[in-house]
There are 2 protein chains.
Amino acid sequence: MSDIFKALADPTRRKVLELLRQRPMTAGELASHFPVSRPTMSAHFAVLREADLIDAFKIGTTITYQLKLSVLEDALLGFARLFGAGTDEQATTDAAVTNQIRKGTSE
Amino acid sequence: MSDIFKALADPTRRKVLELLRQRPMTAGELASHFPVSRPTMSAHFAVLREADLIDAFKIGTTITYQLKLSVLEDALLGFARLFGAGTDEQATTDAAVTNQIRKGTSE
DNA sequence: TCGATATTTAGCTAAGTATCGAAATATAGT
DNA sequence: ACTATATTTCGATACTTAGCTAAATATCGA
């Protein structure tokens, strides 16, 4: 859980996740959105991988990253739970948060 | 936003927020729940104050901290929005997330 | 095999963070 | 005024992080 919040604590990494929400992208494609060096971006990807927030697929020489939405969901939801556990509106809320995050992705 | 996630990235600080969810507590009372020194706890409180996640009230020689639930709500919600903005189920979801976090606090 | 391309690893620096013990501050009670 | 209590500030140390350039790795195409 700390790993996830640590990953989210950097604006560059949050933006990477946002970009990946739209569609999977290669490391280079992602990097081109930011004013930092490729190695720096690579380090950010490593942090996101470490937090299990993205998956990497290597095809030839390029690596495509994909958002692991369910992990992000579970983390935010799990945390929100600490602040509202044990209510009978739990199920409804869970679905709502999930929909909020997934919007347009799953329905 | 980075400040909030940075604050949440530390387990001690998350636990402090959890404790404060039940009721406001003094610095000493909070500190007694953790195996670290008072100065260290004071630093954690400063981070949480900096992130605007808690309020401090001084009464005599003791300082009572109180959770600013709405700030936490807005942060999580604002972030979730990035991953699901522009949907018409927005209003419903907002209320649901709010309820999730506030559970038993506001109704 | 050679050169170009995509990405990561290595090695570094500067800046930030968590922790501590000791000292400072502020207030209360005697 | 003095002492005890609650909390923070100070100064130091150890560790982590974000960023860079240069070099390594891997794959593709000629």
Is there side-chain contact between [X] and [Y], with heavy atoms separated by less than 4.5 Å?
X	Y	result
B/K68	B/D52	yes
B/T40	B/F34	no
B/I54	B/Q66	no
B/R14	A/M1	yes

Exercise for the section: Starting at the 5' end of nucleotides 19-30 of chain C, put B wherever the base has a protein heavy atom under 4.0 Å, S where only the sugar-phosphate does, and a dash everywhere else. Expected result: SBBB----SS--
Calculate the interatomic distance between [X] atom [atom1] and [N] atom [atom2]; express it in whole Å.
X	N	atom1	atom2	answer
A/F45	C/dT9	CZ	C1'	15 Å
A/I54	C/dT8	CD1	C1'	14 Å
A/L30	C/dA6	CG	P	14 Å
B/E29	D/dT5	CD	P	18 Å
B/K6	D/dT17	NZ	C1'	10 Å
B/L48	C/dT17	CG	P	13 Å
A/F57	D/dA26	CZ	P	21 Å

Problem - C/dA6 phosphate, OP1 or OP2, under 4.0 Å from A/Y65 side-chain N/O - result: no
Fill in the blank from the handout: Minimal heavy-atom distance between B/L82 and A/E18, with the atoms involved, is CD1-OE2, 3.5 Å
Handout entry: A/E50 atom CD, over 12 foreign heavy atoms within 6.0 Å
Key = no
Exercise for the section: I would like to know whether A/F57 and A/Y65 meet ring-ring contact (aromatic ring centres under 6.0 Å, His included); could you show each step before the answer? Expected result: CA-CA 6 Å; A/F57 305 97; A/Y65 286 111; 9.0 Å; no
Handout entry: With A/T62 via side chain to side chain donor-acceptor pair (under 3.5 Å) - residues at least two apart
Key = none
Handout entry: Axis deviation across the helix from C/dT1-D/dA30 to C/dT30-D/dA1, five-pair ends, to the nearest 10°
Key = 10°
